[in-house]
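What you see is a predicted model; the values in this text were computed from it and never measured. Note on naming: letters A, B, ... go to the chains in the order of the sequence lines (proteins, then strands), and numbering restarts at 1 for each one.
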Amino acid sequence: MTQWDILLQQVINGVSLGAMYSLLALGFTMVYGIIELINFAHFNVFMVGSFIAMWALVAMGFAGQSHVLHGLPLIGVLAVAFLATMLGTGILGVVIERFALRPLRNVSGTAPMITTIGLSYILYNVILLGAGADSKNYSNPMPNTHWDFLGGVTLRLREVLLWVVSLVLMVALHYFVRHTKMGKAMQAMAQDQEAARMVGIDVDRVVMLTFFLGSALAGAAGLIFGLYYNYTSYLIGYKAGLRAFTAAVLGGIGNIPGAMIGGVVIGLIESLGGQYIAVRWTDVIIFSLLVLVLVLRPTGLLGRAAPSKS
Amino acid sequence: MPNPDLDPTEVAPPPSMGHPHELARGHSWIPAILGRAKSKMLRPYVFGLILLAAVLFPYVDGNEGDIDAAANALAFAMLALGLNIVVGFAGLLDLGYAAFFAIGAYTYGALSSYQIQPEWSSFWTPFQWLGLVEHLQSGAGAGVVHLDVSFWLALPIAALVAAFSGVLFGAPTLRLKGDYLAIVTLGFGEIVPIVARNTPYITNGAQGLNGVTTPNLFGYNFGVLSTPYYYLGLALIVVLIFVSTRLKYSRVGRAWLAIREDEIAAEAMGVDRTRLKLLAFALGASFAGVTGTFYVAKLQTATPEMFMFPVSIMVLVMIVLGGIGSVAGVVVGALILQLLQSWFLQDLTQWIHALGNLTGIAFLQTVDLVQSIELIFGIILVVMMLYRRQGIIPERASVTALTYEQQHAMPSPQSVESDLVPLHRRAIDPHKPLLVIKGLAKSFGGIKAVDRVDLEVAPRSIVAIIGPNGSGKTTFFNLITGLIEPDGGKVLLAGEDVTGLKPHRIVSKGIARTFQNLRLFSNMTLMENALVGAHVRTSTGALGAIFRFQRVKREEEAARARALEILRIFGNRLVPRLEHLAYSLSYANRRRLEIARALVSEPVLLLLDEPTAGMNPTETLELTNQIRRLCDRGVTVLMIEHKLDVVNKIADKVIVLDHGEKIAEGTPKEIHSNKEVLRAYLGRTTGVVAAAAIAS
């Protein structure tokens, strides 16, 4: 492999990771855009999503990588798995919002954020105690299909799948926010909650919907994580969540296209940094970047979609 | 009965600052109210008893394991006290606090172990004389240096190093909203253990530091048993509790609380928020530095795993459980959680297993509570936030409502006027305009919110700004007070250019303001609210607050006396409620308190943004008279007001803003018949309508 092949390979890896971070970052950015809350529970909603997906696949008769599918059956099974997971985490997100965060909606200061940390800890430990501390061999119906190019660059089917699913979900979200009535209500809320309430928007419903969508996307990211790495564990939420959050800040928190681009940038930094610097410094690089962005350009690459309400 | 229109210059009273005792004279009701706070005097006895029990504990218990657990619990209580300064006092959520713990730990670890051993050279000789290093010789060669800094010296060094890193990492985020700080500290908390693991030269990487020197005190070596460390921890925590308490009830502590309650109002009242946030960060980190040193001396080792994210969260859970902002609370919270883990959970698990065996319930036989501790933490966080945000020991005791007698045993406003004091101590040239504004402008996008407005305000006059909603009046105030930076133009106060200064600098120059939608510090008492106003006129810093020098005591007393004096301008409206929290006040009283808070900062120019909004006609009349009297006592007033009867009654001059432009200026009478003004208020009117309006 030449230098360029290695670079190309790492770009492929980076974009794949980035697609996953983007899906996760969207949940942060949507919730922040609407109620200005950093939702730490989101970290582990993602982790729970990867478990729900695994259990869904187990329920459909898959265990480990014993049983691979091709063609339409594969698409069908994956579609069911994605739907089940996104519904599951979406409901989880709504439950969290309804019972733990709504009572604190108008409490100023650090209380709502501390609550989301507590929720994140609860999810983490429930899975740890319920499913055990060991890494789980993921039930994965994906075949190991891959295409080798000259120079040894490999493109695997699962990467292509990851890109396609992420792209479809993001386009769907974009369409939803821009062109549907509820989506426009979300945009209005992000601009001014009081004014939105006055023109008759049901604020509680919009917030709930936002949590549902954000958590559903986190669930999809959780399933993608399992399919991509072939494992899951109670630990995966923290690191991926932090990186996704950095992606959201990088793109401009509250800004939906920003989160998508930020995710890809973070994915590329992770893969290229790992290749050219050292894997053990990856987190240091990412967080230093976060601090730099906050100092030099606090509105992120694309800027905030809505004006700050403070 | 004194003349209500008394000219203060004729009385020529002594300045109130520095003469607090004169105030209480003849007002027996003041001590009665201040006496409510005296019930707290019981506290030293309680504290003494607890301390005595803590000192006797090792003799009573005698179990090495229990004493060790207690010493560790003290270390975490020290961490909780430090985090409480950042989260509790200043309201900044720090999720990477363990990083400072690590920095303190590795500072001592590296300075007094065999980890770093540079070649010996003459450079080290002076350090050897000072007893900071040892010269180790093994066979041939120059030998190596053994760093051997004393524990007692390492304590302040570690505190300083941690404080410095606190400033370094806090600084970039302090301009941003608090949420970002949480995430940056989280990242920082993540980075520090990684750096520790990846720099084995200093930290010995994942294996951890070995052979850290144990402390020595007058020839007594602390050794490896827990009891000496228990006492050391006890001594340290007493010091840290003392420091925390002194800080909390000081000028610095009040400024932190004000920032926590409302950053913008704090800044508009003269608090330099960047500086105070950094101070909170540095002090909080220094507590962690001290704790790290103590902890490493006790364990004689340090590994990166000791300082990971769960530690930061555990300390956060401790202060949430105990009571955010409450010194006693966070110590209790830390002790409960630590002792719960090390003393009770194992026993409790065994009891539950026994119960499971008795009842035959499989779940009870296998559940392990020690394993579930983090689940318990999560539940504590959520439940406390939802149902008891003030924690086990709340930061503030509740205040009982006033009795009928207390509400009415007050002097009337008129009798208070007898000991008039000047509202500021600045000589103002009565022949030059106090405030000169030239071409002040501000646009938001394409909208010109304030469009090249000129204004002159004569000293000791009342100027009213009127104009339809959205005409740029409040923006105009925000520009003068520095909350918004102008695009162009100048603001001169008594000839001095104050354009574009930070809000807290402008307050110190002598401009204070109130807000249209009331920005009081809701969870602070009336007295504390008023005292925040005194921030710019006082100077006590962190050291002064901790040591409480004579100068500091005098300054504090004088500030209180002055605040009381100002609050008495409103007669019996505010004074009986000194110890009440601001949120419990009625709407009109909140407006009065905001004016009082602004007056305590000794402004020469007072900006009032709709002072009578939400008041009934009687209250409006009362306040109108009070504003007039303030002006007579030397304060120049610039006010935004919608109630034209108020404007007509007290304004010497009126200016009218419309779409950011000044469309008219003159006496109230002139403004009444101005066609431009009528058009702005009533829309495009025909001459007939205008004439009718004038006629009415």
Side-chain angles (χ1 to χ4, degrees), chain A residues 28 32 36-38 40-41 44 96 99-101 103-104 107-126 128-129 133 238-239 241-243 245-246 248-249 253 278 280-296 298 307-310, chain B residues 87-88 91-96 169 171-173 175-184 186-195 197-198 260-264 309-310 313 316-317 319-320 324 367-368 371-387 389 444 522-523:
Chain A
F28 283 121
Y32 194 91
E36 296 213 340
L37 170 70
I38 294 178
F40 288 99
N44 284 317
I96 286 174
F99 294 103
L101 297 177
L104 296 171
V107 175
S108 65
T110 49
M113 232 194 312
I114 291 177
T115 309
T116 67
I117 294 170
L119 292 165
S120 205
Y121 244 53
I122 291 174
L123 293 177
Y124 173 93
N125 284 288
V126 163
L128 168 62
L129 294 173
Y238 179 58
K239 210 156 243 184
L242 257 183
R243 286 174 186 178
F245 183 82
T246 309
V249 173
I253 193 144
R280 63 177 200 274
W281 290 110
T282 306
D283 282 314
V284 177
I285 297 166
I286 290 176
F287 292 129
S288 309
L289 181 78
L290 173 67
V291 173
L292 274 180
V293 170
L294 287 179
V295 175
L296 301 177
S308 177
K309 278 166 256 173
S310 68
Chain B
V87 180
L92 307 164
L93 188 53
D94 181 346
L95 298 178
F169 280 85
T173 59
R175 285 184 307 135
L176 305 168
K177 278 193 65 190
D179 313 354
Y180 287 99
L181 187 75
I183 211 83
V184 170
L186 185 60
F188 179 52
E190 192 67 355
I191 289 175
V192 167
I194 295 175
V195 172
R197 196 176 303 124
N198 292 345
R260 184 184 80 182
E261 292 297 313
D262 187 335
E263 266 188 50
I264 292 178
F309 179 64
I313 294 301
L316 183 68
V317 178
I319 70 170
V320 166
I324 296 175
V367 69
D368 184 353
Q371 273 249 317
S372 332
I373 186 69
E374 291 194 331
L375 180 62
I376 297 173
F377 285 175
I379 294 170
I380 290 176
L381 282 181
V382 175
V383 169
M384 294 303 282
M385 281 298 123
L386 287 177
Y387 300 109
R389 277 195 290 286
F444 296 110
S522 321
N523 289 304

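- Contacts between A/Leu242 and chain B at a heavy-atom distance below 4.5 Å involve the side chain alone, from C-beta outward.
- For A/Ile114, the parts sitting under 4.5 Å from any heavy atom of chain B are the backbone and the side chain alike.
- Ranked by heavy-atom pairs under 4.5 Å with chain A, the list B/Ile379, B/Leu186, B/Ile194 is led by B/Leu186.
- Counting only heavy atoms from C-beta outward, the side chains of B/Glu190 and A/Lys239 approach each other to under 4.5 Å.
- Counting heavy-atom pairs closer than 4.5 Å to chain B, the top-ranked of the candidates A/Val126, A/Leu292, A/Val284 is A/Val284.
- B/Val320 touches chain A through its side chain: at least one heavy atom from C-beta onward sits under 4.5 Å away, while N, CA, C and O do not.
- At a 4.5 Å heavy-atom cutoff, the contact between A/Ile122 and chain B is made by backbone and side-chain atoms alike.
- Most heavy-atom pairs under 4.5 Å with chain A: of the set B/Met385, B/Met384, B/Arg260, this distinction falls to B/Met385.
- Taking the ring pair (Phe, Tyr, Trp, His ring centres under 6.0 Å) definition, one finds that B/Phe169 meets it with B/Phe188, sequence neighbours left out.
- For the pair A/Tyr121 and B/Leu375, the minimum side-chain heavy-atom distance is 4.5 Å or more.
- Separation of atoms CG (B/Leu381) and OG (A/Ser120) is listed at 10.5 Å; rounding is to 0.5 Å.
- If you measure heavy-atom distances from A/Phe40 to chain B, the contacts under 4.5 Å come from the side chain alone.
- For chain B, the option among A/Leu101, A/Thr116, A/Val107 with the highest count of heavy-atom pairs below 4.5 Å is A/Val107.
- The distance from atom OG1 of A/Thr110 to atom CG of B/Leu316, rounded to the nearest 0.5 Å, is 8.0 Å.
- The closest side-chain heavy-atom distance from B/Ile183 to A/Thr246 is not below 4.5 Å.
- Among A/Leu290, A/Ile117, A/Leu296, A/Leu37, the residue making the largest number of heavy-atom pairs under 4.5 Å with chain B is A/Ile117.
- Side-chain contact between A/Asn125 and B/Ser372: absent, with no pair of heavy atoms (C-beta onward) separated by less than 4.5 Å.
- Atom OG of residue A/Ser288 and atom CD1 of residue B/Ile191 lie 4.5 Å apart, to the nearest 0.5 angstrom.
- Note: B/Leu95 leads B/Leu95, B/Val87, B/Ile380 in heavy-atom pairs under 4.5 Å with chain A.
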